[in-house]
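Here's the structure, in structure tokens; my notes come after.
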Number of protein chains: 2
Amino acid sequence: MVTIADVAKAAGVSVATVSRVMNHSSLVAEPTAKVVREAIERLSYVPNQQARNLRRNESKTVLVLLPNITNPYYANVFDGINERAQALGYTLFLCSTERQDPEALLKETIEYKRADGAILMHIDRDERWLQKYSDRFPIVQCCEYAAPCDTAHVSVDNYRAGYEATSYLVGLGRRKVGIISSANRMMSTLQRMRGYQDALSDAGISLEDRYIACSDESYSYMSSLQAARELLSQPDRPDALFCISDAIALAAVVVAGELGISVPEEVSVVGFDDVIYTQMIHPYLSTMIQPCLALGERAIDMLDQLIAGHPLENRNVVLPHGFIARESTCPLREDA
Amino acid sequence: MVTIADVAKAAGVSVATVSRVMNHSSLVAEPTAKVVREAIERLSYVPNQQARNLRRNESKTVLVLLPNITNPYYANVFDGINERAQALGYTLFLCSTERQDPEALLKETIEYKRADGAILMHIDRDERWLQKYSDRFPIVQCCEYAAPCDTAHVSVDNYRAGYEATSYLVGLGRRKVGIISSANRMMSTLQRMRGYQDALSDAGISLEDRYIACSDESYSYMSSLQAARELLSQPDRPDALFCISDAIALAAVVVAGELGISVPEEVSVVGFDDVIYTQMIHPYLSTMIQPCLALGERAIDMLDQLIAGHPLENRNVVLPHGFIARESTCPLREDA
DNA sequence: AAGACGAATGAAAAGGATTACATATCATGG
DNA sequence: CCATGATATGTAATCCTTTTCATTCGTCTT
């Protein structure tokens, strides 16, 4: 294993100079730097990360907290985090919030300096505990955020996305637009619901409680089926459904099938996220697209800034969403 | 930050003794050890992992190579690895083999001591390059393995699983059993195919080339649809389909729907893996169950042994698979 | 009773990089 | 021509733990 001392000897300089060259210090003369770079190249020297970590008192590790890596949505965002993390030299420490308490995890991480920072992908909108951690430790919230805390975050504009999805359905001529939301307390859930409500009001359509249903906290498929059955088995059922996740939308399509209701003609369905589910069965799902990879990449970029001690130019980043119409939506035929 | 020196002072012993207590060395008298443990407890001392890594020349990091974390199958196995890894004190460095060459990655990892070992989840059955790395670096293959190398591995018995899936379909009275395999060169693919072939031979059924189709290397959904169409649109089509992954099976079900062929009556379908796809649409998929979590857990356990320098009692671990009949299979009705 | 041995503990080196501080060199201004 | 300051480089301390080697002390052997 070639060390910095070997390079120093080969280049005829001191270890300090080699270190300075490695770290792009401006305090070293160009001719010297050149000699050092050549020696580094020749010996194919790579600094020992452990030694560097010890000296700099960092770990080059980032804690990532998400409910479940098995969920394609989180997996996609995580993929984005991971890709950039590699480029930035970080190793990720992934913890499932389904198995462990996020606050305890964060506390331990900070106390024992296990990570240089953390990315939080799941938090309830009204949590307050996060503040005291983000005050003294680099933390970025990704996709969700807690309103009472000023912890940095990156997400899409869930209100607008919800508004647009609903407006799209209204624009298809559908006036009995239902929503399948979730019983959780996440910010995205609330905002999508508000977008839905406002879009209907603005279109002069009154809200109907019987067109609103909820799946359980984790959008489980089973509970989504349940919720969809509730809405679709009514006599005066919705003719459109805005589902706040693709898994829910898929469940809605399946239930419609069971009940002999045609999708998209009798009921049009819009999902959310644009994960792989959307194109697994016909009708392929029309859905609001979240830029999962970009959300993850941006989160780790922001965290990297925080770790470096640079203030963020923008602590509340909003990334653009999209919409794609596939097979699960169509204009309402008046003669139906 | 409390260091080992603080503990030593508090306990009135030397740092060496504290270190020995921490590492369960037998060379320390019980009364002394007790005093030290109390001091550790009182100061809530936790050793600095960076310093330990440097001194021991290890990183407590494991490289995990898999094609795509977005694929639920790999995500499940990874979940198992991750859970045990945490308990064992490892951080995982996840790399996608779709974006990077596994050999180059392994080479770099070893050269620069970036990880203490590696878990490989994707390798072609006839690769030889792995041997020279596993000779000098702890490596465990998980789910797949290269036959020419004696690198340790853990997997299910894919031959038996393939045999059993096929036999099950034959047992339902179906004699025109097709298979949708993959164009890849993985060991599991070959073995499942062999199991299929032998099960048919043993049942006295001759192999028909026209009942065999392949999706592309990565079992992509689109290519699976293609393969299913190929098989099911023939005049004398199969009355059962063994699909070597659940995604393929789902595609088969969708294609059958398109073609107006009833599942499970006219064609029964068996999948493989038992991932979430199996219960997303009706008919829920009958499938061969892989113990994904257990595969991952075992892989990291084996690797931990290797890293510790202990020889493995069993270098080729086979974990039990299972089978679950859901809605996509039923006995063939003779009057059909 | 002296020497040998084993057990328990301590002192200090080692691991490899960063960095505070010291020093050397050179140019500039008075 | 010397003092001053800037620039470039070197020396050595530092980060914290593990581990080698040395030392101490008590016990056993002969």
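We name chains A, B, ... by the order of the sequence lines, and we start the count at 1 in each one. What you see below is based on every heavy atom in this structure, not just the backbone, and it leaves out hydrogens, waters and symmetry mates. Just so you know, these numbers come straight off a predicted model, no measurement behind them.
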Describe the nucleic acid contact of Asn57(A) in one word from base, sugar-phosphate, nothing, applying a heavy-atom distance below 4.0 Å.
->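 Since no nucleic acid heavy atom lies under 4.0 Å of Asn57(A), the category is nothing.
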
Select base, sugar-phosphate, or nothing to describe what Ala29(B) touches, counting heavy atoms under 4.0 Å on all strands.
-> sugar-phosphate

Between Tyr112(A) and Gln49(B): side-chain donor-acceptor atoms closer than 3.5 Å | no

Determine whether the side chains of Asp301(A) and Gln305(A) contain a donor N or O and an acceptor N or O closer than 3.5 Å.
-> no

Picking from dT9(D), dA13(D), dT19(D), the nucleotide nearest the side-chain atoms of Arg55(B) would be dT19(D)

Take Asp116(A) and Ser59(A) through the side chain to side chain donor-acceptor pair (under 3.5 Å) test and state the conclusion after the steps.
-> CA-CA 6 Å; Asp116(A) 299 336; Ser59(A) 63; 3.1 Å; yes

Spacing between Ile4(A) atom CD1 and dT11(D) atom P, to the nearest angstrom | 14 Å

Of Ala16(B) and Val15(A), whose nearest nucleotide on DNA chain C comes first from the 5' end?
-> Ala16(B)

Short side-chain N/O contact from Tyr112(B) to OP1 or OP2 of dG16(C), under 4.0 Å | no

According to a strict under-4.0 Å criterion, is Tyr45(B) in side-chain N/O contact with OP1 or OP2 of dC16(D)?
->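 Indeed not, no polar side-chain atom of Tyr45(B) lies that close.
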
List in numerical order all residues of residues 17-24 of chain A for which some heavy atom is under 4.0 Å away from an atom belonging to DNA chain C.
->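 Going residue by residue through residues 17-24 of chain A, the ones with a heavy atom under 4.0 Å of DNA chain C turn out to be Ser19(A), Asn23(A).
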
With Tyr145(A), which residues qualify under ring-ring contact (aromatic ring centres under 6.0 Å, His included), at least two apart?
-> His153(A)

Can you check whether Cys149(B)'s main-chain N or O pairs, donor with acceptor, with Thr151(B)'s side chain at less than 3.5 Å?
->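 Looks like no, no N/O pair under 3.5 Å.
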
In this structure, are over 12 heavy atoms from other groups packed under 6.0 Å from Glu217(A) atom CD?
-> no

